[in-house]
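What follows is a single structure, written as structure tokens, with notes after it.
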Number of protein chains: 2
Amino acid sequence: MDTRERLIQSTRELLWERGYTGTSPKAIQERSGAGQGSMYHHFHGKPDLALAAIGRSAEELRDRAEAAFAGPGTVVERVAAYLRRERDALKGCPVGRLTQDHAVMADPDLRRPIEETFAWLTDRLAGLLARGRASGELDAGLDPVATATALVAVLQGGYVLARAAGSADVYAQAVEGALGLLTLRKENA
Amino acid sequence: MDTRERLIQSTRELLWERGYTGTSPKAIQERSGAGQGSMYHHFHGKPDLALAAIGRSAEELRDRAEAAFAGPGTVVERVAAYLRRERDALKGCPVGRLTQDHAVMADPDLRRPIEETFAWLTDRLAGLLARGRASGELDAGLDPVATATALVAVLQGGYVLARAAGSADVYAQAVEGALGLLTLRKENA
DNA sequence: GTCTATACCTGGATAGAC
DNA sequence: GTCTATCCAGGTATAGAC
């Protein structure tokens with residue numbers, strides 16, 4: 001991995017662990033093993049480097065989600081596969097966590113990839129749910145967009161609760177609670 | 001309001017808006033109108049003041065939730081009242097937002113009120129759902145604890161999505177999606 | 001209780017040598 | 001491309017006067 005790439009990866013890790021405000025250029029340099037001059041040679045500054053790192057994390061989130069959504073099985077099975085996918089619940093979402101950082105939200109460039117990522121995710125999931133509804137797999141009264149938004153929110157909120165409790169189990173509880181609501185109806189039919 | 005109280009209230013606002021790491025003693029002093037010496041007379045430092053502020057916010061969250069839970073109506077109505085309560089979705093949760101702050105989570109004193117708040121909230125809601133299940137208002141197959149966790153997660157995640165989208169409507173969508181899942185079954189019965 | 005002075009460290013970045 | 005030197009603002013706190 002070359003220096004530029006190490007800088008991006010180190011920044012991704014730090015943004016995930018400490019957020020944008022909590023991440024200093026110095027910390028990035030130390031973790032990546034790059035020197036001061038090196039970092040400022042490859043990037044214009046902290047915002048520029050953060051933009052590259054956020055873009056990379058957003059891309060990865062999208063790819064991983066798409067892999068579950070496009071996988072085999074019924075709609076409910078694919079949604080469940082996505083929700084139950086192995087995650088480091090205590091670390092939280094590398095993209096969602098940045099919405100809590102004032103400096104990120106105040107910078108349109110940094111903010112855009114975050115906005116787009118969640119718009120894509122909710123939309124993709126809503127489409128899947130709509131198909132499940134059309135095929136009769138899901139209740140006809142189910143609102144695809146609202147339900148998709150709620151499911152994504154369960155993930156993001158599950159991270160919050162897991163961190164608050166200091167336990168990844170809480171995240172799993174939230175996911176199972178949501179899946180229970182989504183599927184109970186079917187079992188009782 | 002005396003100086004000590006103004007310091008606490010200003011800190012609450014700043015923690016809400018910028019997080020712990022993003023809030024400086026200087027900013028607190030400016031917002032509260034208290035001087036440097038005054039702040040360090042009333043509090044030992046930033047962590048001490050933050051502890052007072054977080055405790056206050058946690059207390060308020062709890063009181064407001066209890067007001068909805070203990071209100072009139074069926075279990076579903078009370079849960080809906082809580083979820084739909086007016087909130088400033090774009091600002092997020094003053095307590096939940098702190099789980100994303102590394103410095104807060106690393107300090108056991110600051111972390112405790114956050115952990116306790118969500119443990120209480122989930123527990124209180126689970127008890128309510130259990131009663132709804134016992135009375136037949138809710139499906140017998142519903143898991144009260146998992147469902148309560150999912151509902152609280154929808155709120156916390158709804159804030160994340162609203163901030164990402166820059167629109168409070170997304171928060172409302174998440175809430176309605178969750179309530180839809182909770183109640184659709186009944187309508188179809 | 002509040003003020004000002006002072007202190008030291010870190011954040012974030014530029015300049016110019018190599 | 002990378003290194004070291006340097007810079008100035010801000011973060012966080014203490015000391016001592018009023």
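In the text below, chain A, chain B and the rest are named by the order of the sequence lines, each starting its count at 1.
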Original post:
With a 4.0 Å cut-off, would you call A:Arg62 and A:Glu116 a salt bridge?
Top reply: no
The side-chain hydrogen bond (donor to acceptor under 3.5 Å, both in side chains) partners of B:Glu17 (sequence neighbours excluded) come to B:Arg31
Under 6.0 Å from the CZ atom of B:Arg18, do we count more than 12 heavy atoms belonging to anything else shown?
no
Below 3.5 Å between N/O atoms, which protein atoms pair up with nucleotides 9-13 of chain D? Just atom names and distances, please.
residue	atom	partner	partner atom	Å
D:dG11	OP1	B:Ser24	OG	3.4
D:dT12	OP1	B:Lys46	NZ	3.3
D:dA13	OP2	B:Tyr40	OH	3.3
D:dA13	OP2	B:Lys46	N	3.2
D:dA13	N7	B:Gln36	NE2	3.1
D:dA13	N6	B:Gln36	NE2	2.3

So, with a heavy-atom separation below 4.0 Å from DNA chain C, the residues of residues 1-16 of chain B are B:Thr3
Between CG of B:Asp48 and P of D:dT14 the distance, given in whole Å, is 12 Å
Contact class for A:Gly35 vs. all strands (heavy atom < 4.0 Å): base, sugar-phosphate, or nothing?
sugar-phosphate
Taken to the nearest whole Å, CD/A:Gln29 to P/C:dT10 is 14 Å
Inset, instruction - Taking the six-membered ring of B:Tyr82 (Phe, Tyr or Trp), confirm whether the NZ or CZ of B:Arg87 is under 6.0 Å from its centre and within 45° of its axis. - result: yes
So the ring-ring contact (aromatic ring centres under 6.0 Å, His included) pairs with at least one residue in residues 99-156 of chain A (sequence neighbours excluded) are none
Here the pair of heavy atoms bringing A:Leu15 nearest to A:Ala53 is CD1-CB, 4.0 Å
Separation of D:dG1 atom P from A:Phe43 atom CZ, nearest Å, is 12 Å
Using a cut-off of strictly less than 4.0 Å, decide whether A:His42 has a side-chain nitrogen or oxygen near OP1 or OP2 of D:dT2. yes
The side-chain hydrogen bond (donor to acceptor under 3.5 Å, both in side chains) partners of B:Glu176 (sequence neighbours excluded) come to B:Arg84
Report, one line per pair, each donor and acceptor closer than 3.5 Å where one atom sits in a side chain of residues 125-135 of chain A; sequence neighbours left out.
residue	atom	partner	partner atom	Å
A:Arg133	NH1	A:Leu142	O	3.1
A:Ser135	OG	A:Arg131	O	3.4
A:Ser135	OG	A:Gly132	O	3.1
A:Ser135	OG	A:Glu137	N	3.4

